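Since the structure comes first, as structure tokens, the remarks are kept for the end.
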There are 2 protein chains.
Amino acid sequence: MERRNTRQLETIRNFAEHSKSHPTAEDVYREIVKTIPDISLRTVYRNLNKLSDEGILRKIQVPNAPDRFDSTLEPHQHILCTECGEFIDVFMNNEERLLAEIKDLCGYEITGIDVVYRGVCPTHTKK
Amino acid sequence: MERRNTRQLETIRNFAEHSKSHPTAEDVYREIVKTIPDISLRTVYRNLNKLSDEGILRKIQVPNAPDRFDSTLEPHQHILCTECGEFIDVFMNNEERLLAEIKDLCGYEITGIDVVYRGVCPTHTKK
DNA sequence: GCACTAATAACAACTGTTGTCAATAAGAAA
DNA sequence: TTTCTTATTGACAACAGTTGTTATTAGTGC
């Protein structure tokens, strides 16, 4: 299975890899379309997914909101402002004093935490 | 604003409040339709949202999957099995040793954690 | 340049959920 | 009990975000 470096893929990779803003597919599309006017949103999705499959980006699935693509690969979490949509990084490791720490760190007043771990249950664990 | 106890609302409340299985709106619908054959899925959504607005249920927004409604109100988190879709409770409080603890507690092999805090950024905090 | 085929653009389809609105029925008043 | 008001409903459309499909285009090795 040969792999080709298309102009679309390279442009998307270059933009997403250097972006600090957790862009959505739409965000990326709006940027890329400036240099490749006839690119399709479908291709942006395709390539962002490819890049996150390859581990070059991290896909952040946000409940009730579009997925975002993160070029920071180190483990961290995110905060979404429910008022303005701002989406920022938080690097935390202990859950004790978590909300207070967040407040100190970035001034966010946390109103909700939805955590869903993904995993494989005992009966489906591949041995 | 008067509030009415409809048969639909009461039936949905009774089922969801006693359910231990984190049902989705579809799950609830499939159950309720047995006793109220002409109920609409729209009404199930409407009433589940109402109940979670009232704090009687907790709505769990799962990325890329339907919302679930939880009758357990104490703070806790969830694990979704990516193989079979099983969705279970986890009661954890310190993030240290978290994955190991989860493994000990319920045998789940965690493959991903997507945490999105929701909050209000400093500039939008209501004084 | 030529052949091969991965990747694309265009478009449709999908899932989960909410908007709209005329018809219905809960509950207060008569 | 009957009437009246209006909250709630059911039917249907619409929506957002994403993926499926497929003929066409364009990388890549020769």
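Since the structure is predicted, the reported quantities are computational estimates derived from the model, not experimental observations.
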[atom1] of [X] versus [atom2] of [N]: gap in Å, rounded?
X: B/Ile60; N: C/dG16; atom1: CD1; atom2: C1'; answer: 16 Å
X: A/Glu10; N: D/dT28; atom1: CD; atom2: C1'; answer: 14 Å
X: A/Ile39; N: C/dC11; atom1: CD1; atom2: C1'; answer: 17 Å
X: A/Ile12; N: C/dA7; atom1: CD1; atom2: C1'; answer: 11 Å
X: A/Gln61; N: D/dA16; atom1: CD; atom2: C1'; answer: 15 Å
X: A/Leu9; N: C/dT8; atom1: CG; atom2: C1'; answer: 12 Å
X: A/Leu48; N: D/dG17; atom1: CG; atom2: P; answer: 15 Å

(request) Salt-bridge test for B/Glu10 and B/Arg13: reply yes if a basic N is under 4.0 Å from a carboxylate O, no otherwise. (result)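 Here B/Glu10 pairs with B/Arg13 in a salt bridge, since their nearest N and O are under 4.0 Å apart.
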
(message) If the threshold is 4.0 Å, N to carboxylate O, is there a salt bridge linking A/Arg3 and A/Glu54?
(response)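 Between A/Glu54 and A/Arg3 there is a salt bridge, with a charged N closer than 4.0 Å to a carboxylate O.
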
N/O (side chain, [X]) to phosphate O (OP1/OP2, [N]) under 4.0 Å:
X: A/Lys50; N: C/dA7; value: yes
X: A/Thr43; N: C/dA9; value: yes
X: B/Tyr45; N: C/dT17; value: yes

(request) Indicate, with yes or no, if A/Leu9 and A/Tyr29 share a hydrophobic cluster defined by side-chain heavy-atom contacts under 4.5 Å among Ile, Leu, Val, Met, Phe, Trp and Tyr. (result)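 Yes; A/Leu9 is reachable from A/Tyr29 via cluster members.
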
(request) Give the B/S/- string for nucleotides 21-30 of chain C, one per nucleotide from 5' to 3', where a protein heavy atom under 4.0 Å of the base yields B, of only the sugar-phosphate yields S, and otherwise -. (result) ----BBS---

(message) Please give me every residue in residues 16-32 of chain B whose heavy atoms get under 4.0 Å of an atom in DNA chain C, ordered by residue number.
(response)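 None - not one residue of the stretch has a heavy atom sitting under 4.0 Å from the strand.
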
(request) Would you jot down, in residue-number order, the residues of residues 65-73 of chain B having a non-hydrogen atom under 4.0 Å from DNA chain C? (result) B/Pro66, B/Asp67

(request) Supply the atom-to-atom distance B/Asp89 CG to B/Glu74 CD, rounded to the nearest 0.5 angstrom. (result)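 Atom-to-atom, B/Asp89:CG and B/Glu74:CD are 9.5 Å apart.
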
(message) Tell me whether A/Ser19 contacts the main-chain N or O of A/Ser21 through its side chain, where contact means a donor paired with an acceptor under 3.5 Å.
(response)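 Answer holds: yes.
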
(message) Checking B/Asp67 now: which residues fulfil side chain to side chain donor-acceptor pair (under 3.5 Å) with it, not counting sequence neighbours?
(response) none

(request) Kindly write out the residues that satisfy side chain to side chain donor-acceptor pair (under 3.5 Å) with B/Arg4, not counting sequence neighbours, or none if the list is empty. (result) B/Glu2

(request) Could you check whether B/Asn49 gets within reach of a base, just the sugar-phosphate, or nothing at all, counting any heavy atom under 4.0 Å? (result) sugar-phosphate

(message) Using a 4.0 Å heavy-atom cut-off, does B/Asn47 contact any base of the nucleic acid, only the sugar-phosphate backbone, or nothing at all?
(response)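 Result for B/Asn47 = sugar-phosphate.
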
(message) A cation-pi test, strictly: NZ or CZ of B/Arg68 under 6.0 Å from the centre of the six-membered ring of B/Phe87 and no more than 45 degrees from its axis. Yes or no?
(response)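 Yes, cation above the ring, under 6.0 Å and within 45°.
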
(message) Tell me the closest heavy-atom pair linking A/Leu57 and A/Ala16, and the distance in Å.
(response)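 Shortest heavy-atom separation between A/Leu57 and A/Ala16 comes out as CD1-CB, 3.7 Å.
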
(request) List the steps, then state whether side-chain hydrogen bond (donor to acceptor under 3.5 Å, both in side chains) holds for B/Asp27 with B/Thr24. (result) CA-CA 5 Å; B/Asp27 293 336; B/Thr24 65; 3.2 Å; yes

(request) Nearest-nucleotide wise, let me know which of B/Asp38 and B/Asn64 is further upstream toward the 5' end of DNA chain D. (result) B/Asp38

(message) Go through it in stages, so that I can follow the logic: the residues are A/Asp70 and A/His76, the test is side-chain contact (heavy atoms from CB on, under 4.5 Å), and I'd like the CA-CA distance, side-chain angles, deciding distance and then a yes or no.
(response) CA-CA 11 Å; A/Asp70 194 342; A/His76 64 287; 2.8 Å; yes

Pairs under 3.5 angstrom only: tabulate donor-acceptor contacts from the side chains of residues 44-51 of chain B to other protein residues two or more places apart or in another chain.
{"residue": "B/Arg46", "atom": "NH2", "partner": "B/Thr43", "partner atom": "OG1", "Å": "3.1"}
{"residue": "B/Asn47", "atom": "ND2", "partner": "B/Thr43", "partner atom": "O", "Å": "3.4"}
{"residue": "B/Asn49", "atom": "OD1", "partner": "B/Lys59", "partner atom": "NZ", "Å": "2.9"}
{"residue": "B/Asn49", "atom": "ND2", "partner": "B/Tyr45", "partner atom": "O", "Å": "3.3"}

(message) Measuring from the side chain of B/Arg42 (C-beta onward, heavy atoms only), which nucleotide among D/dT19, D/dT9, C/dT20 has the closest atom?
(response)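 When the side chain of B/Arg42 is considered, C/dT20 is the closest of D/dT19, D/dT9, C/dT20.
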
